[in-house]
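I have placed the structure first, in the form of structure tokens, so that the comments after it can refer back to it.
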Number of protein chains: 2
Amino acid sequence: MNELDAPCCGSPDGEIAIESEEERDTQLAQLAKAVGHPTRVAILRTLIERDECVCGELVDELPYAQSTVSGHLKTLKEAGLIRGEVQGPSVCYCIEPRGLSLFKQLVDEL
Amino acid sequence: MNELDAPCCGSPDGEIAIESEEERDTQLAQLAKAVGHPTRVAILRTLIERDECVCGELVDELPYAQSTVSGHLKTLKEAGLIRGEVQGPSVCYCIEPRGLSLFKQLVDEL
DNA sequence: GCGTTTCATCGTTTTTTCCCGATAAAGGTG
DNA sequence: CACCTTTATCGGGAAAAAACGATGAAACGC
């Protein structure tokens, strides 16, 4: 695969452990909390649609200041729902498939 | 069906409209926000497991004051995830299947 | 009717979230 | 090296959330 054509967000690098009952509640709550804001849902949808997206593009599309969008990206990243990779001066964000899958699974198991 | 044996939370009484793109983002965010707290996840799991549950039982099982639990129940009810029905002096809570299904669907569609 | 039980609501305090502008860090370009 | 672009972080202010105890309302038993 040509390096220039490679997606900015490569392969996963770990496993998701299966937690206890209570830890799963906490984890579901954390993931849901991260999704629990319209702007963050919009960011997720954009990343799902485009596969990857530079931070600045997100800022352009959202009616918020750059620092605000950056904060939402941080929230999503810390929740394990997206990942960001530095690409020269900018940062390319994309979905973290394992995080999103885990969220879907935990919700579906309800 | 005998009235005494009837479940406290009866049949649904309305339809869930299909909203626009942006409204769906907002709705998903609202539902996720409601789920985004460990105590509320615990309440949901209990109601799913038991099918129905009186408020006081929830309070007994959770490490929070009665008013706090009542507040969480209100949050879940306003989000459309549970319903409560007065049963004499107490209140019987149960899952609102349409709300939970909608949540699952919106998450799965991500 | 009176007290008891059950739950919601109110008022308060503390903590967290959200948003912004300003600043700093890191990577290009000339 | 100086400059510009891009993004993260900081500090602050406003708003919302979370928890509690206390009070109030509704339904029952005596």
Side-chain angles (χ1 to χ4, degrees), chain A residues 3-4 8-9 25-26 28-44 46-47 50 52-94 96, chain B residues 3-4 8-9 25-26 28-44 46-47 50 52-94 96:
Chain A
E3 189 187 15
L4 296 174
C8 80
C9 301
D25 280 14
T26 303
L28 172 54
Q30 282 176 341
L31 287 165
K33 187 176 183 180
V35 179
H37 192 287
T39 301
R40 292 194 287 267
V41 173
I43 289 172
L44 287 177
T46 300
L47 292 183
R50 296 202 197 159
E52 60 186 60
C53 191
V54 165
C55 173
E57 298 175 311
L58 265 0
V59 174
D60 289 342
E61 290 172 15
L62 295 168
Y64 294 107
Q66 179 268 325
S67 59
T68 301
V69 175
S70 187
H72 285 306
L73 289 168
K74 184 178 183 180
T75 299
L76 289 169
K77 192 164 64 174
E78 285 175 350
L81 287 166
I82 67 174
R83 52 164 64 190
E85 185 171 305
V86 177
Q87 251 186 1
S90 59
V91 176
C92 177
Y93 282 96
C94 67
E96 169 66 60
Chain B
E3 189 186 14
L4 296 175
C8 79
C9 301
D25 280 14
T26 303
L28 172 53
Q30 281 176 341
L31 287 164
K33 188 176 182 178
V35 178
H37 192 287
T39 301
R40 292 195 287 268
V41 173
I43 290 173
L44 286 177
T46 300
L47 292 182
R50 297 202 198 160
E52 60 187 59
C53 190
V54 165
C55 173
E57 298 174 312
L58 263 0
V59 173
D60 289 341
E61 291 174 12
L62 294 169
Y64 294 107
Q66 179 268 327
S67 58
T68 301
V69 174
S70 187
H72 285 305
L73 289 168
K74 184 178 183 181
T75 299
L76 288 169
K77 191 164 65 177
E78 285 176 351
L81 287 166
I82 67 173
R83 50 165 62 193
E85 186 171 304
V86 176
Q87 250 186 0
S90 58
V91 177
C92 176
Y93 283 97
C94 67
E96 169 67 63

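Chain A is the first sequence line, chain B the second, and so forth, proteins listed ahead of strands; every chain is numbered from 1.
The stretch residues 31-40 of chain A has no heavy atom under 4.0 Å from DNA chain D, so no residue of it qualifies as close. Contacts with DNA chain C (heavy atom under 4.0 Å) in residues 59-71 of chain A: A/Tyr64, A/Ala65, A/Ser67, A/Thr68, listed by number.
In this structure the side chain of A/Ile82 never reaches within 4.5 angstrom of the side chain of A/Cys94, judged on heavy atoms.
When the P atom of C/dC7 is taken as reference, atom OH of B/Tyr93 falls 8 Å away, rounded to whole Å. Remark: P of C/dC19 and NZ of A/Lys74 are 16 Å apart, rounded to the nearest angstrom. Summarising the geometry, the separation between CZ on B/Arg83 and P on C/dC7 is reported as 18 Å, rounded to the nearest angstrom.
Here the CD1-CG distance, from B/Ile43 to B/Leu76, works out to 5.5 Å after rounding to the nearest 0.5 Å.
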Chi angles and distances behind the side chain to side chain contact (heavy atoms under 4.5 Å, CB included) call for B/Gln87, B/Val91: CA-CA 5 Å; B/Gln87 250 186 0; B/Val91 177; over 6 Å; no
Exercise. Stepwise, does the side chain to side chain contact (heavy atoms under 4.5 Å, CB included) test hold for A/Glu52 with A/Leu47?
Worked result: CA-CA 6 Å; A/Glu52 60 186 60; A/Leu47 292 183; 6.0 Å; no
Under the criterion side chain to side chain contact (heavy atoms under 4.5 Å, CB included), I'd like the reasoning laid out for A/His72 against A/His37: C-alpha separation, chi angles, the key distance, then a yes or no. CA-CA 9 Å; A/His72 285 306; A/His37 192 287; 3.8 Å; yes
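Minimum interatomic distance between B/Ala42 and A/Asp25 (heavy atoms only, all atoms of both residues): CA-OD2, 3.8 Å. Closest heavy-atom contact between A/Cys53 and A/Thr46: SG-CG2, 4.4 Å. For A/Ala79 against A/Leu31, the heavy-atom pair with the smallest separation is O-CD2, 3.4 Å. Taking all atoms of both residues into account, the shortest heavy-atom contact from B/Tyr93 to B/Cys55 is CE1-CB, 3.9 Å.
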For residues 58-68 of chain B, dump all side-chain donor-acceptor pairs below 3.5 Å to protein atoms at least two apart in sequence or in another chain.
unit_1	atom_1	unit_2	atom_2	d
B/Glu61	OE1	B/Arg50	NH2	3.1
B/Glu61	OE2	B/Arg50	NH1	3.2
B/Glu61	OE2	B/Arg50	NH2	2.1

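At least one donor-acceptor pair closer than 3.5 Å links the side chain of B/Thr75 to the backbone N or O of B/Gly71. Although no hydrogens or angles enter the test, the distance criterion places no donor-acceptor pair under 3.5 Å between the side chain of B/Arg40 and the main chain of B/Val35.
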In 5'-to-3' order, the base (B), backbone-only (S) or no-contact (-) status of each nucleotide in nucleotides 25-30 of chain C, using a 4.0 angstrom heavy-atom cut-off, is --SS--
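For A/Glu57, there are no salt bridge (charged side-chain N to carboxylate O under 4.0 Å, His left out) partners, not counting sequence neighbours.
Checking the phosphate oxygens (OP1, OP2) of C/dT17, no side-chain nitrogen or oxygen of A/His72 falls inside 4.0 Å.
Here the range on DNA chain D touched by chain B, meaning any atom under 4.0 Å from one of its heavy atoms, is D/dA17 to D/dC28.
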